[in-house]
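Values below: all heavy atoms of this structure, side chains included; hydrogens, waters and symmetry mates excluded.
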Amino acid sequence: MMDADTASKALGIELIELGQGRAVCRMAVTDQMINGHALCHGGYVFLLADTAFACACNTHGPVTVAAGAEIIFVAPAHEGDVLVAEAVERTRYGRSGVCDITVRKSDGQVVAEFRGRSREIR
């Protein structure tokens, strides 16, 4: 899946760990990701978390997509920060699932908490 993900590649997102129902992705915040307040635009934080979510929920085999997601922004990220998104699948039921993703700076500070709902497609 990641080999064909041109959006994540264009942003320099790397998959650094992958296991059953689990994934870790990393992204460096560049000058092109900065908003008018000199902070990393929240859309990029969401995209990083969403990529980790997609990797984690697709470890079971069937193609799985997002059915919904929400994010809570906890702290800002700045140009030069390296963000790490850790996704852990909490439950799977039928063709659906729930996955929690924490986005942190490299010093461990939490930037955002993301919860995604997945759905296998057939």
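- For the pair V98 and Y93, the minimum side-chain heavy-atom distance is below 4.5 Å.
- Between the side chains of S8 and T51, at least one donor N or O sits under 3.5 Å from an acceptor N or O.
- When atom types are taken as modelled, the side chain of K105 and the backbone of V84 share no donor-acceptor pair closer than 3.5 angstrom.
- Criterion: ILVMFWY side-chain heavy atoms under 4.5 Å apart, direct or through other members. Under it, I101 and L15 are not part of a common hydrophobic cluster.
- One finds a salt bridge joining E14 and R26 here, because a Lys/Arg side-chain nitrogen approaches an Asp/Glu carboxylate oxygen to under 4.0 Å.
- L39 and L83 fall into different hydrophobic clusters, where Ile, Leu, Val, Met, Phe, Trp and Tyr side chains are chained together by heavy-atom contacts under 4.5 Å.
- With contacts defined as side-chain heavy-atom distances shorter than 4.5 Å, the pair Y44/M27 qualifies.
- Using a 4.5 Å heavy-atom threshold, the side chains of R119 and R95 count as touching.
- Here the shortest heavy-atom pairing between C99 and A87 reads SG-CB, 4.0 Å.
- Within 6.0 Å of the CD atom in Q20, the count of heavy atoms belonging to other residues, nucleotides or ligands exceeds 12.
- The minimum heavy-atom distance linking L48 with C25 is given by the pair CD1-CB, 3.9 Å.
- Linking ILVMFWY side-chain heavy atoms closer than 4.5 Å, directly or via other members, places F114 and V88 in two distinct hydrophobic clusters.
- Side-chain atoms of E89 and H60 form a donor-acceptor pair, as typed in the model, at a separation below 3.5 Å.
- The same ILVMFWY cluster, assembled from side-chain heavy atoms under 4.5 Å apart, contains both L11 and I34.
- In this structure a side-chain-to-backbone donor-acceptor pair under 3.5 Å is present from N58 to T64.
- Checking T102 against E113 by side-chain atom types alone, a donor-acceptor pair falls below 3.5 Å.
- When every heavy atom of A38 is checked against every heavy atom of H78, the shortest pair comes out as O-CD2, 3.7 Å.
- Hydrophobic clustering of Ile, Leu, Val, Met, Phe, Trp and Tyr side chains at less than 4.5 Å, counting indirect connections, unites F73 with V111.
- Contact record, Q109 with A75: NE2-CB, 3.5 Å, taken as the closest heavy-atom pair.
- Atom CD in E86 sits 7.0 Å away from atom CD in E17 (nearest 0.5 Å).
- Taking the side chain as every heavy atom from C-beta outward, V65 and S118 never approach each other to under 4.5 Å.
- Considering only heavy atoms from C-beta on, E79 stays 4.5 Å or farther from M33 through its side chain.
- A pairwise comparison of heavy atoms in C40 and V45 identifies SG-CG2, 4.0 Å as the closest pair.
- At a threshold of 4.5 Å between non-hydrogen side-chain atoms, the residues C55 and M1 count as touching.
- Residues L47 and I13 meet the side-chain proximity criterion, which asks for heavy atoms closer than 4.5 Å.
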